[in-house]
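Report on the following structure.
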Amino acid sequence: MSTATLEVPAAHAARRSRPFAWVEQSLTLAWRNIVRIRQNPEALADVTFQPIIFLLLFLFVFGGAVVAKTGGTWHDYLPMLLPGVLVQSVVFSTMGTGVGLNDDFAKGVFDRFRSLPISRISPLIGAVLGDTVRYLTSVVILMVSGFALGFRFENGLLYGVLACLLVLSFALALCWVWVWLGLTMKTAQGVQGVAFLVMFPLTFGSNVFVDASTLPDFMQSWVKVNPITYLVDAMRGLMLGGDIQKPLLITFAFMAGVVAVFAPLALRAYRRRV
């Protein structure tokens, strides 16, 4: 066997064993996903046009009816609606992580990654980090649209930015659920179908669009245990003022629980496939 043949595996092993090499490799693969989005901008349609459509539809179609009893207009509904739509849009965009992973495995992308001199975990971490751009895009698009319509941070810019960081952190925690599903289900369509079945009760069965006290009793029971309700309450408290501590603590507890349960499950499913 030639010396050149021996040097290649040795070089691969050296690159794998470098301390924190997986961090650099994960960031490189995250950048790959970002470049792929840049080359295929229509992939961002669900986090650009869809949030704006939801905001405008609910604001102008239902806004007058929601505040009719108080004699208000859609201007009065906007401060309540925008944080809720922001949560809904970002939460819906998290399922794209699982769908994309399932599709990449089906196309053999991860088979090619296996042949590279990189850490086995880097492609998975890179995929999750790369999708953060999608979540951030949804936040920026909605906030710009909201400001154009007259929305303002009544509690100050700092708390408004913290609210945006909170929903991004929630998305990063929740995406591990879809990563696990993406690695365990057979098709991307199956992942998407299950995700929609979960997302609709979570988002629409909450206080995203209306005051929970106006809902029937059986709906209020669900709203009270729905984690989206507390995330929206925390967002509104940070952006507009009001109670922050309780909804924020419950939101953090839910995020920690989701990561503690689904991140190990996702990593185990990933190791089985690679």
Side-chain angles (χ1 to χ4, degrees), residues 47-48 50-60 62-94 132-174 202-215 220 223-258:
V47 293
T48 51
Q50 183 175 298
I52 296 174
I53 291 171
F54 266 110
L55 178 64
L56 295 179
L57 280 176
F58 279 97
L59 183 62
F60 294 115
F62 300 114
V66 171
V67 296
K69 289 184 179 180
T70 61
T73 65
W74 64 266
H75 295 281
D76 303 299
Y77 185 47
L78 179 61
M80 175 187 178
L81 178 66
L82 183 61
V85 173
L86 182 60
V87 169
Q88 184 204 40
S89 299
V90 175
V91 165
F92 263 95
S93 66
T94 60
T132 306
V133 174
R134 290 167 47 79
Y135 313 150
L136 183 60
T137 300
S138 182
V139 170
V140 171
I141 290 290
L142 264 175
M143 291 312 305
V144 170
S145 302
F147 281 124
L149 290 167
F151 180 86
R152 296 294 181 268
F153 292 136
E154 297 177 13
N155 208 26
L157 178 61
L158 176 60
Y159 282 101
V161 172
L162 289 176
C164 294
L165 292 176
L166 174 63
V167 74
L168 287 173
S169 301
F170 189 92
L172 284 172
L174 187 63
L202 277 176
T203 54
F204 285 91
S206 69
N207 60 348
V208 165
F209 301 110
V210 297
D211 187 343
S213 63
T214 64
L215 299 173
Q220 289 189 38
V223 170
K224 288 176 183 177
V225 298
N226 188 345
I228 297 297
T229 298
Y230 296 99
L231 174 60
V232 173
D233 282 341
M235 295 280 291
R236 288 175 179 150
L238 289 167
M239 289 182 170
L240 308 173
D243 182 31
I244 298 174
Q245 185 175 1
K246 179 182 176 181
L248 201 57
L249 289 175
I250 294 175
T251 300
F252 281 141
F254 176 78
M255 289 162 54
V258 167

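Between Ser93 and Arg134 the shortest heavy-atom distance is O-NH2, 3.7 Å. Here the closest non-hydrogen pair linking Phe54 and Val85 is CB-CG1, 4.3 Å. Closest of all the heavy-atom pairs between Gln220 and Ala212 is CG-O, 3.3 Å. Residue Leu202 comes nearest to Ser206 through the heavy atom pair O-CB, 3.5 Å, listed as atom of the first residue, atom of the second, then distance. For Leu86 against Val139, the heavy-atom pair with the smallest separation is CD1-CA, 3.6 Å.
Separation of atoms CG (Leu55) and CG (Leu142) is listed at 6.0 Å; rounding is to 0.5 Å. Here Leu149 contributes atom CG and Ile52 contributes atom CD1; the two are 9.5 Å apart, rounded to the nearest 0.5 Å. In this structure, Ile244 CD1 and Asn155 CG are separated by 5.5 Å, a value rounded to the nearest 0.5 Å. We find the CG-CE distance between Leu231 and Met255 to be 8.5 Å, quoted to the nearest 0.5 Å. Of the inter-residue distances, the one linking Phe153 atom CZ with Leu158 atom CG reads 10.5 Å to the nearest 0.5 angstrom. Note that CZ of Phe60 is 10.0 Å distant from OG1 of Thr73, once rounded to the nearest 0.5 Å.
Taking Asn226 as the reference, nothing meets the side-chain hydrogen bond (donor to acceptor under 3.5 Å, both in side chains) condition, with sequence neighbours excluded.
Without hydrogens or angle criteria, Thr229 side chain to Val223 main chain gives a donor-acceptor distance under 3.5 Å. Side chain of Thr94 to backbone of Val91: a donor-acceptor contact under 3.5 angstrom is found. Checking side-chain atoms of Tyr77 against main-chain N and O of Phe209 turns up a donor-acceptor pair under 3.5 Å.
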